[in-house]
Amino acid sequence: MKLFFLESEIVDGKAPSGAPVEWVEEPSYFFNLSKWENKLLEFYESNKDFISPKSRRNEIISFVKSGLKDLSISRTSFSWGVKVPNDKNHIMYVWLDALTNYLSACEYSNEKNDEVFKKFWPADIHMVGKDIIRFHAVYWPAFLMAADLPLPKKVFAHGWWTNEGNKISKSLGNVIDPFQLVDKYGIDQIRYFLLREVPFGNDGDFSNSQLINRINSDLANSYGNLFQRVVSMIFKNCSENIPLKPNKFNKEDSTLINSIKNNLDDYRRLIDEQKFDQYLKNIWIVISNANKYVDEQAPWALKKNNFERMEVVLFTLVETIRQISILLQPFIPDTAEKILDHIKIPHDQRKLESVGFILNGNINISLPNPLFPRV
């Protein structure tokens, strides 16, 4: 099997893998990539968030500063593929045609009033594997500059997963089947683990024991148990209705109930920066504080000597659960939907902006079922 590399990928006569290469000569069309070297560097400097994470940005800037050569974009040694316009003997490289599909999908044409194109381009973010970051952060922007088209707003390169410390490969027989994982543990559980376990953009190691620990500790014991015991107490002690919104909250109530609402800008920023693990860490701090609040306030004891205070405590908790579940919708959508359905939150009140509102209460509920079975 022969592997072909771009000239720019070959260093000191060696391929990216380190293996020596054999040069092949054939007629080719070239893109004048060298012309765009300074313009790319200027663009990176004025758009510091264009490439993320920072390690990939440094890698790309270093590559461009080392000097760009003109780029071969066609071949004549085979016949399959997309032909170069007006030259049927040349076939465009697949990766070149693949990049232009971003525009084709947006129904790009030469007409500047194309409404679909205006709606979807420029893309807010290209989410790509770290092995193709050069195509998306160097070649693609240069092509767009040459065509006088707007560049995507951001290119983010995600990392790779290993399995119990080993590279995943068919030869090692350690390929992870995501469908089997979902069947065994549940789709939200897998979503949560993959986004929480490592900083997004870094390489991560898949560990079955760590997956089970996340499910049992974070999901079942913390979040699931909080929902289960709060809603069960409301069902059993408040005539199956979420209490009415109190007229007054004490310091402990206000601290908990405002802990998400007062930090919405931080949550937005973490999403915009693809810091998903930190976003989830922050939410689980609130979940931990809510569980601590339950133990400290002891609503089961308040039932006997201060029923009105018990209602305030339970309202504070269910309102906090509402806010948490709205923020968790992108990460564990099925579970978040079950919770919001259970406490009768209308679908038009599940947006991020809805966190700023507070329930009015007096909502009839049913006895909840466990959300996350322990593994």
Side-chain angles (χ1 to χ4, degrees), residues 1-6 9-10 14-21 51-53 55-56 59-60 78 80-81 93-99 101-102 105 125-137 140 155-220 223-224 274-281 284 328 330-336 371-375:
M1 180 177 68
K2 290 185 177 181
L3 299 177
F4 295 91
F5 301 96
L6 299 175
E9 293 182 289
I10 299 171
K14 295 183 179 180
S17 63
V21 298
I51 305 170
S52 289
S55 58
R56 300 300 161 206
E59 171 191 326
I60 290 300
F78 55 82
W80 60 269
Y93 273 105
V94 172
W95 56 262
L96 174 61
D97 181 48
L99 288 168
N101 278 327
Y102 289 123
I125 183 169
H126 279 328
M127 190 73 72
V128 302
K130 66 179 184 178
D131 53 328
I132 55 174
I133 182 66
R134 193 178 297 176
F135 292 93
H136 286 80
W140 181 226
V155 177
F156 190 99
H158 62 74
W160 293 337
W161 283 87
T162 54
N163 186 357
E164 307 288 352
N166 297 310
K167 182 179 179 181
I168 297 175
S169 69
K170 289 183 179 179
S171 59
L172 291 176
N174 65 344
V175 174
I176 301 169
D177 187 332
F179 295 103
Q180 290 181 0
L181 281 180
V182 168
D183 289 341
K184 186 173 182 179
Y185 298 113
I187 191 166
D188 275 359
Q189 289 88 330
I190 301 303
R191 284 189 183 111
Y192 174 77
F193 173 77
L194 293 177
L195 291 166
R196 171 64 179 84
E197 187 66 9
V198 297
F200 197 69
N202 291 4
D203 291 342
D205 183 54
F206 178 87
S207 163
N208 200 66
S209 61
Q210 189 60 17
L211 167 62
I212 292 172
N213 181 60
R214 288 284 181 201
I215 293 172
N216 289 341
S217 177
D218 294 9
L219 297 177
Y223 184 40
Q274 288 72 55
K275 294 180 179 178
F276 305 133
D277 65 310
Q278 188 60 56
Y279 179 101
L280 291 168
K281 284 178 187 176
W284 252 259
L328 286 176
F331 297 89
I332 48 174
D334 293 350
T335 304
L371 294 172
F372 302 103
R374 284 182 56 83
V375 180

| task | Give a yes or no on whether the backbone of Val375 and the side-chain of Asn216 come within a donor-acceptor separation of less than 3.5 Å. | result | yes
| field | CG on Asn174 to CG on Asn166, rounded to 0.5 Å | value | 6.0 Å
| request: List for me each residue that meets side-chain contact (heavy atoms from CB on, under 4.5 Å) alongside Ile187, sequence neighbours excluded, and say none if there are none. | output: Val182, Arg191, Asp334
| said: List the residues meeting side-chain contact (heavy atoms from CB on, under 4.5 Å) with Leu99, not counting sequence neighbours, and say none if there are none. | reply: Trp95, Tyr102, His136, Trp140, Phe143
| request: Taking the side chain as every heavy atom from C-beta outward, state whether Trp160 and Asp131 have any pair of such atoms under 4.5 Å apart. | output: yes
| remark: By side-chain hydrogen bond (donor to acceptor under 3.5 Å, both in side chains), Ser207 pairs with (sequence neighbours left out) Ser209
| message | With rounding to the nearest 0.5 angstrom, report the CG to CG distance, Asp188 to Leu219. | response | 8.5 Å
| query | Taking the side chain as C-beta and beyond, is there a heavy-atom pair between Phe156 and Arg56 under 4.5 Å? | reply | no
| At what distance, to the nearest 0.5 angstrom, does CD1 of Ile168 lie from OG1 of Thr162? | 6.5 Å
| Between CZ of Phe200 and OG of Ser52, what distance do you get to the nearest 0.5 Å? | 11.5 Å
| said: My understanding is that only residues two or more places apart in sequence, or in another chain, count here; which of them pass side-chain hydrogen bond (donor to acceptor under 3.5 Å, both in side chains) with Tyr223? | reply: Ser325
| task | Please identify each residue that fulfils ring pair (Phe, Tyr, Trp, His ring centres under 6.0 Å) with Phe372, with sequence neighbours left out. | result | none
| said: By the salt bridge (charged side-chain N to carboxylate O under 4.0 Å, His left out) test, which pairs, at least two apart or in different chains, include something from residues 171-182? | reply: none
| said: Can you list everything that forms a ring pair (Phe, Tyr, Trp, His ring centres under 6.0 Å) with Phe179? Sequence neighbours excluded, please. | reply: none
| Quick one: does Ile133's side chain get under 4.5 Å of Ile60's, heavy atoms only? | yes
| task | Show your reasoning for whether side chain to side chain contact (heavy atoms under 4.5 Å, CB included) applies to Leu181 and Ile176. | result | CA-CA 8 Å; Leu181 281 180; Ile176 301 169; 3.5 Å; yes
| task | Enter the distance from Trp284:CH2 to Tyr279:OH here, rounded to the nearest 0.5 Å. | result | 10.5 Å
| query | Hey, what do you get for CD (Gln210) to CD1 (Ile215), rounding to the nearest 0.5 Å? | reply | 10.5 Å
| With Lys184 via side-chain contact (heavy atoms from CB on, under 4.5 Å) - residues at least two apart | none
| remark: Heavy-atom nearest pair, Pro53 first then Ala157, reads CD-O, 3.3 Å
| task | Decide side chain to side chain contact (heavy atoms under 4.5 Å, CB included) for Val94 and Trp80; before the verdict, give the C-alpha distance in whole Å, the side-chain angles of both, and the deciding distance to 0.1 Å. | result | CA-CA 10 Å; Val94 172; Trp80 60 269; 3.8 Å; yes
| remark: Hits for salt bridge (Lys or Arg N to Asp or Glu O under 4.0 Å) against Lys167, two or more places apart or cross-chain, chain-then-number order -> none
| Do Trp161 and Leu194 pass the side chain to side chain contact (heavy atoms under 4.5 Å, CB included) test, and can you show the C-alpha distance, the side-chain angles, and the key distance before you say yes or no? | CA-CA 10 Å; Trp161 283 87; Leu194 293 177; 3.6 Å; yes
| message | Test: salt bridge (charged side-chain N to carboxylate O under 4.0 Å, His left out). Region: residues 201-218. Which pairs qualify, not counting sequence neighbours? | response | Lys130-Asp203, Glu197-Arg214, Arg214-Asp218
| query | With sequence neighbours left out, what residues match Asn208 under side-chain contact (heavy atoms from CB on, under 4.5 Å)? | reply | Glu164, Tyr185, Phe206, Leu211, Ile212
